[in-house]
Amino acid sequence: MRLSKSFVPTLKEVPADAVIPSHILMVRAGLVRMLSAGIYSFLPVGYKMIKKISDIIREEMDAIGGQEFHLPALNPKEIWEETGRVEAFGDTMFHIKNREYVLAPTHEEIMTFHAKGVVKSYKDLPQIWYQIQTKFRNEPRPRSGVIRGRQFLMKDAYSFDVSYEALDKSYELHDQAYRKIFDRCGLKYFVVGASSGAMGGSKSEEFMVKSDAGEDTVAYCEKCGYAANIEVAESVIQPIVRHSESKQIEKISTPNIKSIDELCEFLKIDHRETAKSRIYIHDDKPVLVLMSGNDEVNETKLERVLGGNVRPGHPEELKEITGADAGSIGPIGFKGRIIADNRLKDGNNLYSGANENDFHIGGIDLKRDVPTVEYFDLRTVESGEGCVNCKSPIDVFKAIELGHIFKLGTKYTDALGVNYLDENGKEHPIVMGSYGIGVERVLACYLEQNHDERGIIWNENLTPFHIHLIGLNMKNDEINSASSNLYNELTKEGYDVLFDDRLDASAGFKFNDADLMGIPIQVVVGEKNYKNGNVEIKIRRTGKKEVVALSNLKSKLRELLNHLTHKH
RNA sequence: CGGGGCGUAGCGUAGUCCGGUUAGCGCGCCUGCUUUGGGAGCAGGAGGUCGCAGGUUCGAAUCCUGCCGCCCCGACCA
């Protein structure tokens with residue numbers, strides 16, 4: 001491709017709207033342009049990337065027996081009403097104004113619809129159906145470039161099986177296929193076991209990439225691979241010690257002391273000697289939650305423990321409930337249910353609020369003074385704590401969800417009445433699995449992991465071109481014809497070459513654009529080297545430059561690009 | 001939806017607090033000449049409903065009101 005005739009609008013400066021590296025690079029390297037919040041146009045080079053990633057996904061899906069569909073984005077609302085998902089999606093689903101259609105946010109219903117009455121016999125099963133298409137979701141807040149958009153490309157696959165045992169096999173196939181896909185894309189990822197929530201499935205796994213731009217927080221153990229969403233993650237921590245002798249309760253004046261840190265500073269005590277109180281409202285009744293020091297309440301765990309509706313108490317209602325404002329609340333004298341984190345179990349000589357502003361109470365013995373207290377795992381794990389599997393320090397960080405596989409069961413086949421007949425002529429609902437990959441997220445995650453201060457660094461599998469050929473001074477006839485000839489020859493060899501043949505662009509301009517675009521190998525034809533029969537090769541990832549005789553160029557390129565031109 | 005920030009030429013921005021020439025600068029773009037190994041130089045030029053709509057004022061990019069758009073944090077995210 002000749003750059004002089006191509007639409008690759010690179011930018012020297014960082015666009016004002018972009019914040020995270022992948023977003024900045026996509027815009028700067030001319031891959032995408034925003035049309036509206038969460039809605040992006042892919043420009044020719046960017047679209048080429050999408051096709052590369054899609055092809056990798058396609059190959060691995062086909063390898064496990066997947067069959068590709070092309071499905072409508074415009075769906076009759078009726079079919080979504082049958083599964084109750086118009087209501088479930090709520091405002092997240094786009095509705096068409098002048099006809100009873102919706103824009104598909106995913107495709108379980110449509111795939112299931114097509115299975116109905118056609119896949120009728122156990123002999124027809126299993127099936128794996130997939131598609132790589134645009135989905136629409138009315139996200140309240142699109143963000144981070146293409147990572148959360150209102151319109152996005154998703155590969156979604158659905159498996160149809162005779163039983164849960166058979167589903168296990170389809171699930172396993174996808175698990176393996178996903179690992180191959182992400183490996184081939186060169187991503188550093190990890191797998192988190194997750195609950196599949198309202199999808200009604202049993203087992204599910206998320207494929208995640210560590211990133212500050214992520215929307216999930218996970219705990220991960222580098223050593224043994226333990227990974228869990230922060231909402232459910234557990235860790236090994238030191239419980240507080242129970243002293244052999246319990247002190248007496250004493251009320252202490254603590255003017256203007258609100259936080260645990262201030263309290264520790266004021267009384268010259270350790271965090272672990274304090275019990276922090278949080279008030280939650282559970283089904284209209286206040287519950288006091290005690291945590292050790294600055295440990296954070298994990299509200300997901302709390303909800304699981306309590307059941308029903310749980311919300312934090314509003315600051316205004318605290319005084320009425322406890323007699324004090326936040327910062328001075330404690331278990332002594334609290335009328336209502338008191339629960340505490342396991343870490344505090346049977347603690348004594350503890351300091352907590354006095355339920356009177358500007359006072360705390362010391363010498364609290366939970367066994368003696370708070371006999372009704374119940375203990376649960378209520379805390380949010382933190383970096384550095386012990387892995388529950390191997391005791392190594394775990395890491396807590398944000399991550400982007402790239403893909404999700406889960407065992408769906410019969411939710412949709414039940415709702416839509418999609419059954420098959422077994423060997424005995426008996427009817428059963430087909431058992432489904434559902435498997436998604438965010439295609440743009442693969443691209444974004446790759447960029448998050450593979451860039452430097454100069455720009456993108458493509459790997460061999462994803463790069464939009466094999467070689468970036470740069471003719472330095474195209475107004476020099478000799479360079480012009482030499483680089484043009486080289487372009488034709490390399491193209492004939494089967495290489496996909498991006499040829500910077502721009503007449504006016506200066507050398508530095510071309511070098512910087514090349515580094516920004518990140519094609520793995522740059523071949524530079526300039527006067528200095530060419531008059532000695534040489535060109536220069538630069539490896540983008542390492543920055544290493546080498547002068548090569550023109551006569552050796554092809555063999556050198558073969559050597560460098562051997563593994564990526566296996567198709568030729 | 002709550003909180004914060006921003007909106008001035010294709011891109012990045014100054015000016016806004018404290019109203020007052022023809023709205024400035026850098027990059028990019030067009031023409032010509034020179035230049036070509038790390039975002040060239042000189043000369044000339046084009047390009048603006050200052051997000052939109054009202055209002056205050058002799059006068060509004062600037063002050064007031066409403067709306068729209070974009071970004072960030074939070075809520076939400078089968």
Side-chain angles (χ1 to χ4, degrees), chain A residues 9-20 23-24 27-28 30 33-40 80 83-93 104-109 135 137-145 147-150 152 154 156 194-201 204 206 212-216 229 231 299 311-312 398 400-401 404 406 408-409 411-412 415 434 436 438 454-455 470-480 483 500 502-516 522-531 534-536 538 543 545 547:
Chain A
T10 56
L11 268 91
K12 186 169 156 182
E13 297 184 79
V14 175
D17 288 344
V19 174
I20 65 167
H23 187 196
I24 292 171
V27 177
R28 282 196 58 212
R33 282 287 164 95
M34 186 177 80
L35 181 63
S36 177
I39 305 177
Y40 286 82
W80 289 87
T83 56
R85 289 224 286 178
V86 171
E87 201 189 347
F89 271 106
D91 195 47
T92 303
M93 182 180 258
T106 173
H107 276 86
E108 279 84 2
E109 277 78 356
K135 314 278 166 172
R137 292 183 196 183
N138 185 22
E139 294 293 346
R141 187 187 153 208
R143 68 183 87 180
S144 305
I147 288 173
R148 178 168 287 272
R150 297 214 165 105
F152 57 97
M154 184 161 124
D156 52 338
S195 68
S196 44
M199 288 307 291
S204 99
E206 289 171 340
D212 288 335
E215 301 178 276
D216 294 280
N229 195 298
E231 292 181 350
E299 294 185 0
R311 64 164 176 87
K398 292 196 148 189
I400 297 168
E401 181 187 341
H404 195 177
F406 52 88
L408 200 50
K411 178 178 158 83
Y412 297 99
S434 174
R454 309 193 64 82
I470 300 170
L472 275 194
N473 180 4
M474 293 301 283
K475 284 180 180 163
N476 176 320
D477 290 341
E478 209 181 6
I479 297 303
N480 193 318
S483 54
D500 193 343
R502 290 175 295 183
L503 273 182
D504 291 320
S506 67
F509 198 96
K510 291 184 175 189
F511 289 137
N512 282 313
D513 259 1
D515 288 344
L516 174 61
Q522 298 170 14
V523 175
V524 182
V525 184
E527 285 171 60
K528 276 185 197 168
N529 285 315
Y530 185 74
K531 67 177 179 225
N534 297 326
V535 295
E536 183 184 274
K538 175 176 162 182
K545 295 177 190 168
V547 176

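Throughout, a chain's letter reflects where its sequence line sits, starting with A, and its residues are numbered from 1.
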What dot-bracket string describes RNA chain B from 5' to 3', counting Watson-Crick and G-U wobble pairs whose defining distances are under 3.5 Å, with [ ] for crossing pairs and | for pairs to another strand?
-> ((((((((.[[[[.)....(...]]]].((((((.....)))))).....[[[[[..)....]]]]])))))))....

Polar contact flag, side-chain donor to acceptor under 3.5 angstrom, Arg150(A)-Tyr40(A) = no

Do Tyr530(A) and Val524(A) have side chains that get closer than 4.5 Å, going by heavy atoms?
-> no

Modelled atom types, side-chain donor and acceptor of Thr92(A) and Glu139(A), under 3.5 Å = no

Where protein sits on nucleotides 70-77 of chain B, one letter per nucleotide: B base, S sugar-phosphate only, - none, heavy atoms under 4.0 Å = SSBBBBBB

Check for a donor-acceptor pair, side chain of Lys538(A) on one end and backbone N or O of Phe511(A) on the other, with a separation under 3.5 Å.
-> no

Carboxylate-amine/guanidinium proximity below 4.0 Å for Glu108(A) and Arg85(A) = yes

Quote, to the nearest angstrom, the P distance that separates G4(B) from C67(B).
-> 15 Å

Asn138(A) side chain to Asp91(A) main-chain N or O, any donor-acceptor pair under 3.5 Å?
-> yes

With B for base contact, S for sugar-phosphate-only contact and - for none (protein heavy atoms under 4.0 Å), nucleotides 36-47 of chain B reads BBBBS-------

Taking atom P in both U16(B) and C63(B), what distance in whole Å separates the two?
-> 9 Å

Indicate whether the side chain of His404(A) and that of Ser204(A) have a donor and an acceptor atom separated by less than 3.5 Å.
-> yes

Gap in Å between the two C1' atoms, one belonging to G55(B) and one to G19(B), rounded = 15 Å

When you compare G2(B) with U62(B), how far apart are their C1' atoms, in angstrom units rounded to a whole number?
-> 29 Å

Nearest-Å distance once atom C1' is located in both C72(B) and U56(B) = 34 Å

How about Gln522(A) and Asp515(A): does a side-chain donor come under 3.5 Å of a side-chain acceptor?
-> yes

Measure the CD1-CG distance between Ile470(A) and Asp500(A) for me, rounded to the nearest 0.5 Å.
-> 6.0 Å

Thinking salt bridges, do Asp513(A) and Arg502(A) make one under a 4.0 Å N-O criterion?
-> yes

C1' atom, C50(B) versus G69(B): distance in rounded Å?
-> 16 Å

Lys398(A)/Glu215(A) ion pair, N-O < 4.0 Å = no

Euclidean distance for C1', G15(B) against A75(B) (whole angstrom) | 37 Å

G48(B) and A9(B), which share atom name P, separated by this distance in whole Å | 10 Å

